[in-house]
Amino acid sequence: GAASLVLDPTDAGPNLVTIQSGQYLTLTGAHGGALIDVKDTPNATVAINVDDGRLQLGTRTLPQATGTLNGSVNVGTSGQMLVAAGSHTITGDGITSSGAVTIDDAATLTSDITLNDRSTLDVQGSLQADNLTANSDAVISVGSTNSAGQCEPERGQSVPRPGMAEQLDH
């Protein structure tokens, strides 16, 4: 994995990273600060699309690492996002998922999250969200027999709708 990435604004297209065809991208946050920068454009907004593959933030070998992404992460139905360790923040639009989002027990994620379709959110560590919204087919699991997990909406969490599965294990 890489501590962070720097995009070159001379590249064609928007500030976009796409993960597809089973690819993996690990951003460890080893240096702290921005996980993805845009050359010569401080605080630029970046979008990450995880179409078919996995985005990983942090690594268990660096449990104190921190990182911030100014922008959004879009997880497609065949995509996965894993927050493995450390403390990571996604500002801007946060995470929109139709796939799987996992926060391991050694990790903290601060981000708004919208769960679409049959997406899953598995919180073994800590999630701090101003807004957590899930549709009726989404599954949210907090904790397990090995980890209590914490899900702490700041402003409020949408109320589960009929048919929505929510599993809380403590």
Side-chain angles (χ1 to χ4, degrees), residues 1 5 7 13-27 29 34-36 38 44-58 67-144 147-170:
L5 292 177
L7 301 179
N15 299 331
L16 176 66
V17 174
T18 300
I19 301 169
Q20 58 190 7
S21 302
Q23 297 173 326
Y24 289 75
L25 173 61
T26 299
L27 299 172
L35 293 170
I36 301 179
V38 178
T45 301
V46 176
I48 300 177
N49 289 338
V50 187
D51 295 337
D52 175 20
R54 184 175 78 190
L55 170 64
Q56 179 174 320
L57 303 182
T68 300
L69 174 69
N70 181 24
S72 62
V73 176
N74 299 300
V75 182
T77 56
S78 297
Q80 301 173 3
M81 178 178 174
L82 169 65
V83 185
S87 180
H88 302 279
T89 301
I90 300 173
T91 63
D93 293 335
I95 301 167
T96 300
S97 179
S98 294
V101 177
T102 302
I103 304 167
D104 276 353
D105 62 345
T108 297
L109 175 65
T110 302
S111 178
D112 290 343
I113 299 181
T114 300
L115 301 172
N116 296 322
D117 305 317
R118 294 178 180 224
S119 57
T120 61
L121 172 61
D122 184 15
V123 181
Q124 302 299 315
S126 177
L127 170 63
Q128 298 173 354
D130 284 342
N131 294 293
L132 174 56
T133 306
N135 80 0
S136 62
D137 291 328
V139 176
I140 300 173
S141 299
V142 180
S144 69
S147 173
Q150 294 180 340
C151 185
E152 303 174 14
E154 296 296 324
R155 277 188 264 156
Q157 177 176 332
S158 63
V159 176
R161 296 181 203 142
M164 180 180 154
E166 183 175 10
Q167 175 183 352
L168 302 175
D169 294 328
H170 291 287

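Keep in mind that the numbers below use all heavy atoms, side chains included, and drop hydrogens, waters and symmetry copies.
- The heavy-atom pair separating N135 from N116 by the smallest distance is ND2-C, 3.5 Å.
- We find the CD1-CG distance between I36 and L5 to be 5.0 Å, quoted to the nearest 0.5 Å.
- Here the closest non-hydrogen pair linking H88 and G86 is CD2-C, 3.9 Å.
- If you take CG on L57 and OG1 on T68, they are separated by 10.5 Å, rounding to the nearest 0.5 Å.
- Between S78 atom OG and R54 atom CZ the span is 15.0 Å, to the nearest 0.5 Å.
- Residue L132 holds its CG atom at 6.5 Å from CG of L121, rounded to the nearest 0.5 Å.
- T102 places none of its side-chain heavy atoms less than 4.5 Å from the side chain of Q80.
- Scanning both residues, M81 and V75, for their nearest heavy atoms gives CB-CG2, 4.0 Å.
- Put simply, the side chain of I19 reaches to within 4.5 Å of the side chain of I48, judged on heavy atoms.
- Across all their heavy atoms, A138 and L115 have their closest contact at CB-CB, 3.8 Å.
- Within the 4.5 Å cutoff, the side chain of L55 has no heavy atoms near those of the V17 side chain.
- Of the possible donor and acceptor atoms, none in the side chain of D51 sits under 3.5 Å from a partner among the backbone N and O of G76.
- Between the CG atom in L16 and the OG atom in S72 there is a gap of 8.5 Å [rounded to 0.5 Å].
- Nearest heavy atoms, T18 versus Q23: O-OE1, 4.2 Å.
- Closest approach of S111 to A129, counting heavy atoms only: O-CB, 3.1 Å.
- Judged by distance alone, the side chain of D104 and the main-chain N or O of A85 form no donor-acceptor pair under 3.5 Å.
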Sequence neighbours left out, cut at 3.5 Å: what donor-acceptor pairs do the side chains of residues 90-98 make with other protein atoms?
unit_1, atom_1, unit_2, atom_2, d
T91, OG1, L69, O, 3.4
T91, OG1, N70, OD1, 3.1
S97, OG, G99, N, 3.0
S97, OG, G99, O, 3.4
S98, OG, D117, OD2, 2.8

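- Residue T114 holds its OG1 atom at 7.5 Å from CG of N131, rounded to the nearest 0.5 Å.
- When atom types are taken as modelled, the side chain of Q56 and the backbone of G58 share a donor-acceptor pair closer than 3.5 angstrom.
- A donor-acceptor pair under 3.5 Å is absent between the side-chain atoms of D105 and the main chain of Q124, judged by distance alone.
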